[in-house]
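We use all heavy atoms of the structure for the numbers below, so side chains are in, but hydrogens, waters and symmetry mates are not. We count ligands from 1, going down the list as the structure has it; atoms in each ligand are counted the same way.
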Amino acid sequence: MCGIVGYIGNREAAPLLLESLKKLEYRGYDSAGIAVLSNGQVTIRRCQGKLANLEKILLQRPVRGKIGIGHTRWATHGKPSETNAHPHRAGEVVVVHNGIIENYLELKEHLLKRGARIESETDSEIVAHLVGEKIQKGMDFLTAVQKSLKQIHGSYALAFLNQKSPDRLIVAKNSTPIVVGWGEGESFVASDIPALLDYTRRVTFLEDGEVAEVTAEGFRILDEKGKTIRRPHKEITWDAVAARKGGYRHFMLKEIHEQPRALADTFRGRISLREGEVSLEGVHLKAGEVKQIKRIHLVACGTAWHAALVGKFMLEEIAKIPAEVDYGSEFRYRSPLIDSRSLLLLISQSGETADTLAAVDMGRAKKAKIISVCNVVDSSLARKSDGVLYTHAGPEISVASTKAFSTQLTALYLLAIGLGRLSGRLKRADAKRLLQDLMHLPHWVEEALRLEGEMEKLARELCGAADFLYLGRGINYPIALEGALKLKEISYIHAEGYPAGEMKHGPIALVDEKMPVVVLLPKDRYFQKTLGNLKEVESREGKVIVLTDEGSGPIGATAYRVLSVPKASHFLTPTVLTIPLQLLAYYIAVHRGTDVDQPRNLAKSVTVE
Ligand code: AGP
């Protein structure tokens, strides 16, 4: 899940590649590099760490040339270091790669036997050697790439530069995205559209197995057999809003505060309160099809998986359709019982998560209907699905997902109501009531954001803790998981989310006076039960932090802290409870001085297995 870019035309390549890479830094920031060709010489500048480091190097040692490739890396094979940074060179050939070459060890062994000098620990360098050795034997650039691709197994988006071919770049794709942009006398290559939008809106996506020969005048796409493919370009009409922090210290805080607006954008224009109907335009499901669905399989990763867990409650209780939830990485390797009466519901902010995307192919093979809930317009997932419900959260820059999560919850709520109405299993009057509730959601979230001061204070008190526990029940149990994940990823504190009732079966052994235990305790059908679990923690001297929609009342007497969120309806309470947990994780990370928006070892978009 690295970012790759390429350019050929009349402009200086280096500054353009750098600017384009900045739009892809969400894909990884372990190292960065560019290669530029001029006067028969390729110059490579690369370094460990973020693009800012590369920018400094380029200021001190600029490179000139009108054709080049660039890369920002999330390390998979080989630690983050300058040697492992892309581009990689072998003879005349230079390559940047996103993906994983699964048979690289075997290939490496053969290359070493043939005398190749392999410098890095990466799987990617192997590809440069495969192409380089063929060119050295006299093969032309394109054929050498095509033949090398036949030797590799795995996922790749590749861009090649050849010292002896100053008039072309070659790119190839399998399982990870690559898009080519059309300009006037210039062409662009990138992993993702935002990297191109400053230069062109005319783009063509490559499909799996394809190779493209990119020149300043345009490009030629070839399929696996070498046959030329004619594919019309696509005009990108949306804007990658120049993501700025807007006065906030971090993107994460800005995105937390954007939630009331983002949630309204998710449902705006999709509901009719008078009719009690939801318009699922874009989802392309007819009433007859919905009635035929016997099971919904929700598949997602990370935070989106937590949204899927909440979605299961909504789909079963509102739409009355059985639902099950899988991690993308598990679903792809088990044998789920899916057929033409199954609905695959994939949830992803980026729409580029490899494990989630893999479910599409499985669903296709079994003739299931494939719907996605996605934030990024025209992402791979959106393009591959039969229908999409966009969350309209706007660009999410911080690696830790906040507004993408809450808008996924809203989209799933809309979907549950819409499917319930289409199947006839949800009465119009009930749908009207659920939609009325939704109208209040932005306001409830706004109110919950007022807890910011208190969460900051609490964060200051708790930021030294080594472990945290988050407890919830029923539809709010996934929110305990999400609260723990947020804390882990940005503060590096160990945290676990647990169903409150499961505590006594093991995790209670961890509780002592140093352990903060965050208990989600809305006044719902589980209130008394969860209260009982809270008392169990207190009797082991755990530091109980209660999030409730009741007044502090009797809970307050013994708890370390009680914080009140506004009372919301049953299905929308998870969204409201999420807000203080996001703020708590954020301020703990700030107090610990971590890199909040780009936490260590993570990337925003996980395009590898
Ligand atoms: C969220 O805070 C995480 N960074 C991560 O778990 C993320 O939700 C996951 O990688 C899935 O991403 P996606 O929604 O883009 O598919």
So for ligand 1, is Ser401 a polar contact partner (N or O within less than 3.5 Å, distance only)?
yes
Among all protein heavy atoms, pick the one closest to atom 12 (O) of ligand 1 and tell me residue, atom and distance.
Thr353 OG1, 3.5 Å
Who's the nearest protein heavy-atom neighbour of atom 8 (O) of ligand 1, and how far?
Thr303 N, 3.1 Å
How far is atom 14 (O) of ligand 1 from the closest protein heavy atom, and which atom is that?
Gln349 N, 2.7 Å
Give a yes/no verdict on a cation-pi contact between Arg592 and Tyr492, requiring under 6.0 Å between NZ or CZ and the six-membered ring centre and an angle within 45° of the axis.
no
Can Glu25 and Lys22 be said to form a salt bridge (charged side-chain N to carboxylate O under 4.0 Å, His left out), step by step?
CA-CA 5 Å; Glu25 206 172 13; Lys22 285 182 186 168; over 6 Å; no
What residue among Leu280, Leu345, Leu389 forms side-chain contact (heavy atoms from CB on, under 4.5 Å) with Ile371?
Leu345
A quick test of your reading: do over 12 heavy atoms of other residues, nucleotides or ligands sit less than 6.0 Å from CD of Glu121?
yes
Taking distance alone, with no angle check, do Ala603 and ligand 1 share an N/O pair under 3.5 Å?
no
Min heavy-atom dist Thr356 to ligand 1 below 4.0 Å:
no
Relative to atom 11 (C) of ligand 1, which among Gly328, Gly302, Cys301 owns the nearest non-hydrogen atom?
Cys301
N or O pair under 3.5 Å between Ser350 and ligand 1:
yes
What atoms of ligand 1 come within less than 4.0 Å of a heavy atom belonging to Lys486?
1 (C), 2 (O)
For Gln408, is at least one N or O under 3.5 Å away from an N or O on ligand 1?
no
Ligand-side contact atoms (ligand 1) for residue partner Glu489, heavy atom cut-off under 4.0 Å:
1 (C), 2 (O), 3 (C), 4 (N)
Determine all donor-acceptor pairs shorter than 3.5 Å in which one atom belongs to a side chain in residues 493-502; sequence neighbours excluded.
from: His494; atom 1: ND1; to: Asp467; atom 2: OD1; distance (Å): 2.7

In terms of relative ring orientation, are Phe188 and Tyr199 parallel, tilted or perpendicular, with 30° and 60° separating the classes?
parallel
Would you call Arg600 and Asp595 a salt bridge, taking side-chain N to carboxylate O under 4.0 Å as the test?
no
Glu352 near ligand 1 by a heavy-atom separation under 4.0 Å:
no
Quick one: look up the protein heavy atom nearest atom 10 (O) of ligand 1 and list residue, atom name and how far away it is.
Val606 CG2, 3.9 Å
Would you mind listing every salt bridge (charged side-chain N to carboxylate O under 4.0 Å, His left out) that reaches into residues 388-415, with sequence neighbours excluded?
Glu258-Lys403, Glu396-Lys604
Ligand-residue contact atoms, ligand 1 with Ala400, heavy atoms, under 4.0 Å:
2 (O)
Please determine whether a side-chain nitrogen of the Lys or Arg among Arg364 and Asp361 lies less than 4.0 Å from a carboxylate oxygen of the Asp or Glu.
no
